[in-house]
Amino acid sequence: MRRQLRSRRAPAFPYGYRYGLDDQDEVNQNYLADEEEEAEEEAQVMMVPGLEEEEEEEERKEEEEEREEEGQGQPTDNAWRQKLQTVTEYLWDPEQRMSLARTGQSQSLILVIYFFFYASLAAVITLFLYMLFLAINPYMPTFTEQVKPPGVMIRPFAHSLNFNFNVSEPETWQHYVISLNGFLQGYNDSLQEEMNVDCPPGQFFIQDGDEDEDKKACQFKRSFLKNCSGLEDPTFGYSTGQPCILLKMNRIVGFRPELGDPVKVSCKVQKGDENDIRSINYYPESASFDLRYYPYYGKLTHVNYTSPLVAMHFTDVVKNQAVPVQCQLKGKGIINDVINDRFVGRIIFTLNIET
C-alpha cells in the first residue's frame with residue numbers, strides 16, 4: 001500500500017493549555033525529527049518510484065508460496081470429509097435416487113443390453129463348436145502328419161531319467177521296484193487271457209467292420225518279459241545291480257511298421273567308452289514289437305488294448321560311475337535322430353549303479 005505522508009502542520013493544542021518552556025522545546029525537537037524522517041522517506045520514494053510495487057509483488061509471491069506449501073501438506077479434515085461425501089454420493093445419491101451416477105432405469109437398460117450381447121456371443125461360439133465337432137472324426141485323427149514318427153518312454157519313472165541307486169541300500173532302489181510292479185498289473189497273464197485274444201505272431205491284426213465297432217486286442221502277457229517280469233525276480237534285478245528297464249512306443253492310431261518289418265530296439269553307450277555296457281539281454285528275445293499289435297484303432301473302440309513292451313536287462317554295466325545310455329528304435333520310416341527332441345524314436349537316460 002502507498003504510504004501516506006503525515007501532515008507537516010504542527011500539532012494543535014487545546015485552548016488555554018499551557019506548557020512549560022522546557023516541554024515546549026522538547027515538542028519542537030520531536031516535530032523537527034519527524035519532519036526530517038518524512039523528508040527522507042519522500043526522497044526515497046521519489047528516487048525509486050517502483051519500490052512500493054516491488055514490495056507488494058514480493059508480498060504477493062510470499063503469500064502464494066505459503067498457499068502452495070499448505071496445499072502440498074496433509075489434507076485437512078475438511079478435505080477428507082468432502083472426498084468421503086463425494087464418494088458416498090457417487091455410490092448412492094438419495095436426493096436424485098441415483099447409484100453410480102445412474103438411475104435405476106439406466107442401469108436396467110445396460111443390464112439388458114449386456115445380457116443380449118453375451119447371450120448372442122455364447123450362441124455364436126456354441127454354433128461354431130458344434131460345427132467343428134461335426135467335422136471331426138472321433139475314431140480317426142484328422143491330422144496325423146506331426147505324430148507319424150513314434151515317440152518312446154521308459155519305466156520305471158526316474159527323476160530326470162537318472163537311475164541312481166546303491167545295491168546294498170534297498171531304500172535307494174525300492175521305489176523303482178514299486179513303480180514297475182504297478183505298471184505291469186495290467187499285463188498279468190490271467191487278466192490278459194480273460195480280456196484279450198491270442199493272436200498269431202508276425203502279421204498285422206486287421207479288423208474290418210464299422211469304425212464304431214469294438215475291436216479285439218492281442219494278448220501281451222507279463223510272462224513274455226521273463227527275467228524282467230518281476231515273477232522270477234521280484235526286485236527286477238535291482239538288488240544285484242542288474243536293473244531292468246521297460247521301453248514302450250507311444251500309441252498312434254492306424255500306425256503300421258513299413259514293409260511289414262517289426263520295429264526293433266537297440267541300446268548302447270551314448271557318449272564315452274562302449275565297454276561301460278558289456279551285456280544287455282532283451283525280452284522278448286527279438287527285441288522288437290511284434291506286428292500282431294498293429295494297427296491300433298483308438299481308445300474308443302480298442303478299449304482293452306495294451307501296448308507291447310521291450311525289456312532291457314542290463315546284466316553287466318560298469319559300477320560306481322554314471323553311464324549315459326541311448327536306446328533307439330530301428331525300422332523303415334523310423335526317425336531317431338531329431339536333435340531338439342530326445343523322445344522321438346529314441347530315449348536317453350543315465351545309469352549310476354553303486355556297490
Side-chain angles (χ1 to χ4, degrees), residues 150-167 169-188 220-251 262-272 274-290 293 306-330 334 336 342-355:
V152 297
M153 183 48 64
I154 57 175
R155 296 291 186 275
F157 288 107
H159 180 67
S160 300
L161 297 178
N162 293 324
F163 294 88
N164 302 316
F165 63 95
N166 191 311
V167 175
E169 298 177 3
E171 62 274 10
T172 63
W173 49 261
Q174 191 64 41
H175 59 285
Y176 297 136
V177 175
I178 296 174
S179 177
L180 286 173
N181 271 320
F183 175 72
L184 291 175
Q185 289 301 309
Y187 292 86
N188 287 335
F220 189 95
K221 298 180 179 179
R222 185 171 180 172
S223 58
F224 292 172
L225 302 177
K226 296 186 178 181
N227 290 339
C228 287
S229 65
L231 302 175
E232 299 176 3
D233 180 7
T235 66
F236 297 92
Y238 285 87
S239 61
T240 59
Q242 298 176 328
C244 288
I245 296 178
L246 310 181
L247 185 144
K248 64 183 289 290
M249 286 198 306
N250 294 343
R251 300 178 182 181
V263 178
K264 296 185 178 181
V265 178
S266 176
C267 298
K268 63 179 181 179
V269 176
Q270 183 199 19
K271 293 181 181 180
E274 294 183 357
N275 293 324
D276 289 345
I277 299 178
R278 290 181 285 270
S279 177
I280 304 176
N281 294 333
Y282 296 93
Y283 306 105
E285 287 82 356
S286 62
S288 63
F289 301 96
D290 195 275
Y293 302 106
T306 47
S307 299
L309 306 172
V310 171
M312 294 87 69
H313 192 191
F314 294 89
T315 56
D316 192 359
V317 180
V318 67
K319 305 297 191 294
N320 301 315
Q321 74 176 51
V323 179
V325 182
Q326 176 176 265
C327 293
Q328 294 179 312
L329 300 180
K330 302 286 187 178
I334 297 296
N336 56 19
R342 61 176 184 173
F343 297 101
V344 174
R346 65 171 180 168
I347 191 166
I348 301 171
F349 55 93
T350 303
L351 287 176
N352 188 1
I353 305 172
E354 299 178 358
T355 57

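Any value given below was found using the heavy atoms of this structure, including those in side chains, with hydrogens, waters and symmetry copies removed. Counting begins at 1 with the first residue of the sequence.
- Looking only at side-chain heavy atoms (C-beta outward), Y187 and T306 come within less than 4.5 Å of each other.
- Between S288 and V310, every side-chain heavy-atom pair lies at or beyond the 4.5 Å cut-off.
- Sorted pairs that involve residues 233-245 and meet salt bridge (charged side-chain N to carboxylate O under 4.0 Å, His left out), not counting sequence neighbours, are lacking altogether.
- Within the 3.5 Å criterion, the main-chain N or O of V317 finds a donor-acceptor partner in the side chain of K319.
- Counting heavy-atom neighbours within 6.0 Å of K248 NZ, excluding the residue itself, gives a total above 12.
- Remark: F157 pairs with R155, S179 by the side chain to side chain contact (heavy atoms under 4.5 Å, CB included) rule, at least two apart or across chains.
- Here T315 pairs with Q242, S279, N281, H313 under the side chain to side chain contact (heavy atoms under 4.5 Å, CB included) rule; sequence neighbours left out.
- In this structure, L180 CG and L246 CG are separated by 5.5 Å, a value rounded to the nearest 0.5 Å.
- More than 12 heavy atoms of other residues, nucleotides or ligands shown are found within 6.0 angstrom of CD on E171.
- The backbone N or O of L329 lies less than 3.5 Å from a partner atom in the side chain of N336, making a donor-acceptor pair.
- N162 and T350 share a donor-acceptor pair across their side chains, judged by distance under 3.5 Å alone.
- Within the 4.5 Å cutoff, side-chain heavy atoms of F349 are placed close to those of I245.
- The side chain to side chain contact (heavy atoms under 4.5 Å, CB included) search around K221 returns D189, Q192, E193, Q219, S223, F224, not counting sequence neighbours.
- In this structure Y238 satisfies the ring-ring contact (aromatic ring centres under 6.0 Å, His included) test together with F165, Y176, sequence neighbours excluded.
- Considering all non-hydrogen atoms of both residues, V167 and S239 come closest at CG1-O, 3.0 Å.
- Shown here is K268, whose NZ atom has no more than 12 heavy atoms of other residues, nucleotides or ligands within 6.0 Å.
- Looking at residues two or more places apart in sequence or on another chain, you find a side chain to side chain contact (heavy atoms under 4.5 Å, CB included) between P324 and Q270.
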